[in-house]
Amino acid sequence: EKGTYAHFMLKEINEQPAVMRKIIQNYQDDEGQLKIDRNISEAVKEADRVYIIACGTSYHAGLVGKEYLEKWAQIPTEVHVASEFSYNMPLLSEKPLFIFISQSGETADSRAVLVNIKEKGYKSLTITNVQGSTLSREANFTMLLHAGPEIAVASTKAYTAQIAVLSILAQVAARDNNIDTNVDLMPELAKVTTAMSAIIDDADRMEEIAREYLSETRNAFFIGRSMDYHVSLEGSLKLKEISYIQAEGFAGGELKHGTIALIEEGTPVLALATQENVNLSIRGNVQEVEARGAKACIISSEGLEKEEDTYVLPHVHELLTPLVSVVAYQLISYYAALHRDCDVDKPRNLAKSVTVE
Ligand code: F6R
């Protein structure tokens with residue numbers, strides 16, 4: 001039930017702090033230590049490489065998860081779009097572990113890969129919101145998202161839940177390998193929870209941003225570097241699927257290699273600036289597009305902000321910023337779609353669960 005919310009999408013965006021708390025609860029023991037199924041941590045420990053397989057928003061969560069597995073747990077990780085995997089099958093390592101990320105657990109493209117790698121005898125873990133779903137039943141292991149039913153076609157709370165669960169998996173893997181990551185994850189996730197709530201409380205501001213930058217336009221660009229690049233891909237997918245504005249996410253550094261040709265007077269460019277090491281370079285990209293007439297909306301993080309920024313996100317651990325910046329993009333997309341009278345919860349041509357290849 002939607003309750004007092006106008007749409008399931010808005011309700012689900014608003015549920016994200018509660019989902020974070022539920023994940024924290026479910027993945028820690030009585031002493032507050034990270035806790036996952038021992039069989040899963042052993043499978044990760046045995047693996048010499050992780051292959052993440054997913055589609056759409058879940059694929060975008062996988063891109064963030066790869067950063068955790070590599071930066072924290074030091075496990076080489078590849079992320080693949082499920083529908084491409086069988087054509088562009090990489091040379092597999094000796095001891096691969098496959099991780100399937102799927103909100104529904106029913107996505108046919110992902111299942112096709114699972115069937116294929118099972119035949120070859122490889123181990124698999126499904127990260128899903130639906131216990132007993134096909135991908136959960138057919139994989140060796142399951143980690144649940146604890147996000148509650150996601151009804152709106154556009155995925156919101158499942159994305160942040162997927163990233164949070166992947167961060168927990170990577171931290172446990174680091175601990176098992178005696179790697180000190182210098183991150184006390186659960187308190188950091190608790191900070192994320194608070195930051196998410198702050199943005200949700202600022203929904204009116206998100207509506208203004210949507211009105212100012214996206215009400216008239218036919219297209220929009222999302223740019224970012226590093227973690228912000230991954231979120232830019234997700235932000236552009238959210239906007240395009242519900243508002244039908246043609247939106248593309250790009251790596252800031254790639255603009256000059258072609259995309260910048262599309263910038264005209266008034267083209268909206270939404271830029272994220274949440275990463276210290278690329279703060280100067282992404283701001284350089286903003287100047288480049290502004291010089292060609294773009295209307296830039298900069299969303300930065302506390303500590304990295306500059307006067308020209310449109311919105312400043314509360315500070316969280318740098319690798320956890322996707323959990324926070326995406327909430328702003330979800331809300332901006334939601335209002336942009338609303339302003340265009342789009343059917344937010346049921347966008348045209350899309351199904352919640354894609355059970356055909
Ligand atoms: C976008 C969206 C889709 C799904 C994709 C995979 O908002 O919802 O891109 O993420 O169809 O679905 P699952 O995660 O159920 O495998």
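For the pair Arg348 and Tyr244, the cation-pi criterion (under 6.0 Å, within 45° of the ring axis) is fulfilled.
A donor-acceptor pair is defined here as one N or O able to donate and one able to accept, closer than 3.5 Å; such a pair exists between the side chain of Asn129 and the backbone of Ala147. Judged purely by atom type and a 3.5 angstrom limit, Lys238 uses its side chain to pair as donor or acceptor with the backbone of Ser155. The closest donor-acceptor contact from the side chain of Arg137 to the backbone of Gly132 lies under 3.5 Å. The backbone N or O of Ala336 sits nowhere less than 3.5 Å from a side-chain atom of Ser243 that would complete a donor-acceptor pair. Side-chain atoms of Asp345 never come within 3.5 Å of backbone atoms of Ala152 as a donor-acceptor pair (strictly under, hydrogens ignored). Of the possible polar contacts, none joining the Ser226 side chain to the Asp228 backbone as a donor-acceptor pair under 3.5 Å is found. The closest donor-acceptor contact from the side chain of Ser232 to the backbone of Ile223 lies under 3.5 Å. At least one donor-acceptor pair under 3.5 Å links the side chain of Arg340 to the backbone N or O of Ser215. The backbone N or O of Lys95 lies less than 3.5 Å from a partner atom in the side chain of Asp48, making a donor-acceptor pair. Using modelled atom types, no side-chain atom of Thr107 and backbone atom of Asp109 make a donor-acceptor pair closer than 3.5 Å.
Annotation: side chain of Pro90 is in contact with side chain of Leu92 (closest heavy-atom distance under 4.5 Å). Between Tyr335 and Arg211 there is no side-chain heavy-atom pair separated by less than 4.5 Å. When side chains are defined from C-beta on, Gln162 counts as touching Gln103, because their heavy atoms get closer than 4.5 Å. Inter-residue side-chain proximity for Tyr51 and Ile117 is flagged as unmet; no heavy-atom pair is nearer than 4.5 Å. The closest side-chain heavy-atom distance from Lys45 to Asn177 is below 4.5 Å.
Salt-bridge annotation for Glu288 and Arg292: absent, with no side-chain N of the basic residue lying under 4.0 Å from a carboxylate O of the acidic one. A salt bridge does not link Glu357 to Arg111: none of the charged side-chain nitrogens sits closer than 4.0 Å to a carboxylate oxygen. Taking 4.0 Å as the cut-off between side-chain N and carboxylate O, Asp309 and Arg283 count as a salt-bridged pair. Ion pairing between a basic and an acidic side chain is recognised when a charged N comes within 4.0 Å of a carboxylate O; Lys11 and Glu1 show no such pairing. Salt-bridge formation is detected for the pair Arg205/Glu208: a Lys NZ or Arg NE/NH1/NH2 atom is positioned less than 4.0 Å from an Asp or Glu carboxylate oxygen.
Summarising the geometry of Ser110 relative to Phe100, their closest heavy-atom pair is O-CE2, 3.4 Å, with the distance given to 0.1 Å. Heavy atoms only, all atoms of each residue included: Gly303 and Glu305 are closest at N-OE1, 2.5 Å. The two residues Leu239 and Ala247 come nearest to each other via the heavy atoms CD2-CB, 4.0 Å. Smallest separation of non-hydrogen atoms from Ala158 and Leu145: O-CD1, 4.2 Å. Closest approach of Leu214 and Ala220 over heavy atoms only: CD2-CB, 3.9 Å. Between Ile299 and Ala328 the shortest heavy-atom distance is CD1-CB, 4.4 Å.
At a cut-off of 3.5 Å, with distance as the only test, a side-chain donor of Thr321 or Thr274 sits close to an acceptor on the other residue. Side-chain contact annotation: Gln131 with Thr142, donor-acceptor N/O pair under 3.5 Å absent. When only modelled atom types and interatomic distance are considered, Thr134 and Glu106 share a side-chain donor-acceptor pair under 3.5 Å. No donor-acceptor contact under 3.5 angstrom links the side chains of Thr156 and Gln16, judged on distance only. Side-chain atoms of His146 and Gln25 include no donor-acceptor pair closer than 3.5 Å. In this structure, a donor-acceptor pair under 3.5 Å is absent between the side chains of Thr259 and Glu254.
Partners of Tyr68 according to the ring-ring contact (aromatic ring centres under 6.0 Å, His included) rule, which considers only residues two or more places apart in sequence or in another chain, are Trp72.
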Report task. I would like to know whether Phe222 and Tyr329 meet ring pair (Phe, Tyr, Trp, His ring centres under 6.0 Å); could you show each step before the answer? Result -> CA-CA 10 Å; Phe222 288 72; Tyr329 278 168; 4.9 Å; yes
Report task. Take Leu166 and Val64 through the test side chain to side chain contact (heavy atoms under 4.5 Å, CB included) and record every step on the way to the result. Result -> CA-CA 8 Å; Leu166 285 160; Val64 177; over 6 Å; no
**Report entry** side chain to side chain contact (heavy atoms under 4.5 Å, CB included) assessment of Ile168 paired with Leu189
**Finding:** CA-CA 10 Å; Ile168 290 166; Leu189 287 178; 4.3 Å; yes
Query raised in the report: Under the side chain to side chain contact (heavy atoms under 4.5 Å, CB included) criterion, do Ile298 and Lys306 qualify, and how do the steps go?
Result: CA-CA 9 Å; Ile298 306 175; Lys306 297 212 188 289; over 6 Å; no
Query - Ser333 vs Ile242, side chain to side chain contact (heavy atoms under 4.5 Å, CB included): CA-CA, chis, key distance, verdict - result: CA-CA 7 Å; Ser333 303; Ile242 60 171; 4.0 Å; yes
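Linking Ile, Leu, Val, Met, Phe, Trp and Tyr whenever their side-chain heavy atoms come within less than 4.5 Å puts Val344 and Ile245 in one cluster. Linking Ile, Leu, Val, Met, Phe, Trp and Tyr residues whenever their side-chain heavy atoms come within less than 4.5 Å leaves Leu144 and Leu114 in two separate clusters. Cluster annotation: Tyr159 is not connected to Ile53 through the hydrophobic network of ILVMFWY side chains, with a link wherever side-chain heavy atoms come within less than 4.5 Å. No continuous path of ILVMFWY side-chain contacts below 4.5 Å connects Val324 to Leu237, so the two sit in separate hydrophobic clusters. Placement of Met143 and Leu63 within a single hydrophobic cluster is found when ILVMFWY residues are connected by side-chain heavy-atom separations under 4.5 Å, directly or transitively.
For Gln246, the CD atom sits in a loose shell: 12 or fewer heavy atoms of surrounding residues, nucleotides or ligands are nearer than 6.0 Å. Counting heavy-atom neighbours within 6.0 Å of Lys123 NZ, excluding the residue itself, gives a total of 12 or less. Heavy-atom contacts from other residues, nucleotides or ligands closer than 6.0 Å to NZ of Lys346 number 12 or fewer. Annotation: Glu308, atom CD; neighbour count of heavy atoms from other residues, nucleotides and ligands within 6.0 Å is above 12. In the displayed structure, Lys22 atom NZ is contacted under 6.0 Å by at most 12 heavy atoms of other residues, nucleotides or ligands.
In this structure, Phe98 and Phe85 have perpendicular ring planes: the angle between them is above 60°, well past the 30° mark.
How far NZ of Lys71 is from CD1 of Ile179: 14.0 Å, rounded to the nearest 0.5 Å. Separation of atoms CG (Leu304) and CG (Asn279) is listed at 4.5 Å; rounding is to 0.5 Å. Taking CD1 from Ile99 and CD from Glu78, the interatomic distance works out to 12.5 Å, rounded to the nearest 0.5 Å. Here OH of Tyr27 is found 11.5 Å from CG of Leu34. Values are rounded to the nearest 0.5 Å. A distance of 10.0 Å separates CZ in Phe221 from OG in Ser236, rounded to the nearest 0.5 Å. From Asp202, atom CG reaches atom CD of Glu207 across 12.5 Å, with rounding to the nearest 0.5 Å.
In summary, of the residues considered (Thr77, Leu97, Ile127), a side-chain contact (heavy atoms from CB on, under 4.5 Å) with Ile52 occurs for Thr77 alone.
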